[in-house]
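Shown next, in structure tokens, is the structure this report addresses.
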Amino acid sequence: MASMTMSAACAQPLAARKFQGSRVSGKSVVRAAKRNVTVKAERDGPVLIGLAADSGCGKSTFMRRMTSLFGGKATPPEGGNPDSNTLISDSTTVLCLDDYHLNDRNGRKESGLTALNLKEQNFDLMYEQTKALMEGKAVDKPIYNHVTGVFDPAEKIESPSILILEGLHPFADERVRDMFDFKIYLDISDDVKFAWKIQRDMAERGHSLESIKASIEARKPDFDEFVDPQKQYADIVIQVLPTQLIPDDNEGKILRVRMIMKEGVENFDAPYLFDEGSTISWIPCGRKLTCSYPGIKFFYGPDTFFGEEVSVLEMDGQFDKLEELIYVESHLSNTSTKFYGEITQQMLKYQNGPGSNNGTGLFQTLCGLKVRELYERISEKEVVTAA
Ligand SMILES: Nc1ncnc2c1ncn2[C@@H]1O[C@H](COP(=O)(O)OP(=O)(O)OP(=O)(O)O)[C@@H](O)[C@H]1O
Ligand SMILES: O=C(CO)[C@H](O)[C@H](O)COP(=O)(O)O
């Protein structure tokens, strides 16, 4: 049977609440009534979006979901290097920041540093080229070839309408960080990262369990020091955790996904469940939504993250019948869809992609819709969408 609880009394001040993983019980916080619209006038260059995440954490999957909302298929530069890391569609260009590594694979062996270390990234070049693209100029960007481990001849990148920088360190350099219109951090917990790596590297790449464990352990200290701290700068953090619906689950198949959204971000109004500012726990399983074990649970409420006010949308569990997502979609507001059912349509379009039946796909889609709206507000151009 469907069940919902909505809290409306708050004993603690916002800042005193524990953030991570806790069920927040608190009052309806009236703070999001204003719409955060600040259209930047006289923008000639692109709208700049950043996506930070560790490697193998679903950036490519996320990018496919996001760029498809702008129409056209994102592909590597036509007639260019087949090992290019760049994806170009009609209006979007996705640059992979691995292309700004300072040293190639051998160089890193000599320096003894990993690619996660900030000293191994050419932030000056990354800044200069991002700035040039933002000014509408073309650049000759290096290509780091992941197959050979060396740099290939540079490729010409024209200034697009929407420029997306994805990689390990989009927000580490203050000069580039300040240029972004919107910053996203994909935060995959160690347990889930491990499960995904095993799935990909064992099944698809023939690596042993021991070698996968060793590579994750080797990366962890540098990841914690150089990549993870960037989440404090993100406007949205999509956090992927093991389910809480199955006690001591270690399979990593059922996921609890949280979309943590900063308050007061220009051109971004956070989506919400039922009632903006309230704290809501919702189990929609029953007549309208088919749920097999362990079911689906949603949560929405205010919180704090790195000392800043945020709202959190959370989904634990997975959909049995994806088309029934329409029921959940109809209870979400501020989603920036252009027609009824657009989220469900998008999710069905990518139903074979990883995460399509759980919160990763849902929140990545929602995030893509918010980016589309942000682009429309800043550029004052409309993205035409077919229902
Ligand atoms: N939402 C998801 N649910 C389940 N598995 C996922 C999800 N997203 C990604 N994966 C798993 O992680 C693997 C890597 O995904 P993807 O190629 O999108 O990541 P990436 O960050 O672009 O990787 P890399 O940086 O290594 O190119 C996929 O093969 C898949 O097994
Ligand atoms: O973290 C990474 C990508 O995000 C890679 O480890 C880094 O780019 C180095 O690549 P390779 O292992 O192919 O030399």
Side-chain angles (χ1 to χ4, degrees), residues 51-67 74 76 83-87 94-109 111 113-118 120-122 142-152 164-170 172 184-189 191-205 207 211-212 215-216 218-220 222-223 226-228 230 238-243 251-257 259 315 317-319 347 350-365 367:
L51 173 66
D54 197 1
S55 99
C57 283
K59 293 187 298 291
S60 316
T61 313
F62 191 177
M63 283 302 100
R64 271 194 295 277
R65 284 186 199 279
M66 185 181 294
T67 53
D83 291 330
S84 166
N85 301 309
T86 304
L87 285 176
V94 184
L95 298 187
C96 172
L97 297 178
D98 295 350
D99 290 332
Y100 293 108
H101 285 335
L102 190 64
N103 291 307
D104 63 11
R105 210 174 280 160
N106 270 334
R108 263 179 274 128
K109 268 190 197 139
S111 72
L113 302 175
T114 70
L116 299 142
N117 194 306
L118 299 184
E120 284 293 340
Q121 191 74 349
N122 189 345
I143 301 176
Y144 178 69
N145 188 322
H146 281 281
V147 181
T148 60
V150 299
F151 288 102
D152 286 347
I164 304 172
L165 302 186
E166 62 95 347
L168 297 170
H169 307 116
I184 306 161
Y185 186 98
L186 203 48
D187 188 12
I188 313 295
S189 69
D191 292 343
V192 175
K193 215 186 263 187
F194 187 57
W196 287 3
K197 266 252 183 247
I198 289 178
Q199 184 187 310
R200 183 177 75 170
D201 294 357
M202 253 173 104
E204 296 167 24
R205 300 184 180 178
H207 296 193
S211 72
I212 297 168
S215 105
I216 291 180
R219 284 177 76 90
K220 192 167 160 45
D222 280 358
F223 176 80
F226 303 115
V227 179
D228 193 66
Q230 292 173 98
I238 298 183
Q239 210 175 40
V240 184
L241 304 153
T243 182
E251 266 196 84
K253 284 198 177 136
I254 311 283
L255 301 173
R256 173 174 164 239
V257 188
M259 184 153 87
M315 174 181 165
Q318 60 186 35
F319 298 105
M347 291 280 282
Y350 285 95
Q351 58 183 306
N352 296 324
S356 291
N357 61 349
N358 64 31
T360 57
L362 175 62
F363 294 147
Q364 287 175 7
T365 303
C367 198

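Numbering of ligands and ligand atoms starts at 1, following listing order.
Annotation: ring pair (Phe, Tyr, Trp, His ring centres under 6.0 Å) contacts of F223 (sequence neighbours excluded): none. For D104, the side-chain contact (heavy atoms from CB on, under 4.5 Å) partners at least two apart in sequence or on another chain are N106, Y144, V150, F151. The side-chain contact (heavy atoms from CB on, under 4.5 Å) test applied to N358 returns L255, Q318, T360, not counting sequence neighbours.
Annotation: T360 places an N or O atom under 3.5 Å from an N or O atom of ligand 1; distance criterion only. Considering backbone and side-chain N/O of R64, none are found under 3.5 Å from N/O of ligand 1. The shortest N or O to N or O distance between S60 and ligand 1 is below 3.5 Å. Of the N or O atoms in L255, none lie within a sub-3.5 Å distance of an N or O in ligand 1.
Checking F363, F62, W196 against atom 2 (C) of ligand 1, the nearest heavy atom belongs to W196.
Rounded to the nearest 0.5 angstrom, D228 CG and D222 CG are separated by 12.5 Å. Taken to the nearest 0.5 Å, the CG atom of D98 stands 12.5 Å off from the CD atom of E120. Rounding to the nearest 0.5 angstrom, the gap separating the NE2 atom in H146 from the CG atom in N85 is 5.0 Å. H101 NE2 to L168 CG: the interatomic distance, rounded to the nearest 0.5 Å, is 6.0 Å. Annotation: the span from T365 atom OG1 to Y350 atom OH amounts to 9.5 Å, rounded to 0.5 Å. Summarising the geometry, atom CD1 belonging to I143 is positioned 10.5 Å from atom OG1 belonging to T148; distances are rounded to the nearest 0.5 Å.
The shortest distance between side-chain heavy atoms of H169 and Q230 falls below 4.5 Å.
Counting the atoms of ligand 1 from 1 in the order shown, those under 4.0 Å from a heavy atom of G355 are 1 (N), 2 (C), 3 (N). Those atoms of ligand 1 that come under 4.0 Å of a heavy atom in K59, given as number and element, are 18 (O), 19 (O), 20 (P), 21 (O), 22 (O), 25 (O).
Residues of the protein with a heavy atom under 4.0 Å from ligand 2 are S55, D98, H101, R105, R108, A115, Y144, H146, L168, R219, listed by chain and number.
Using 4.0 Å as the threshold, A53 has no heavy atom nearer than that to any atom of ligand 1.
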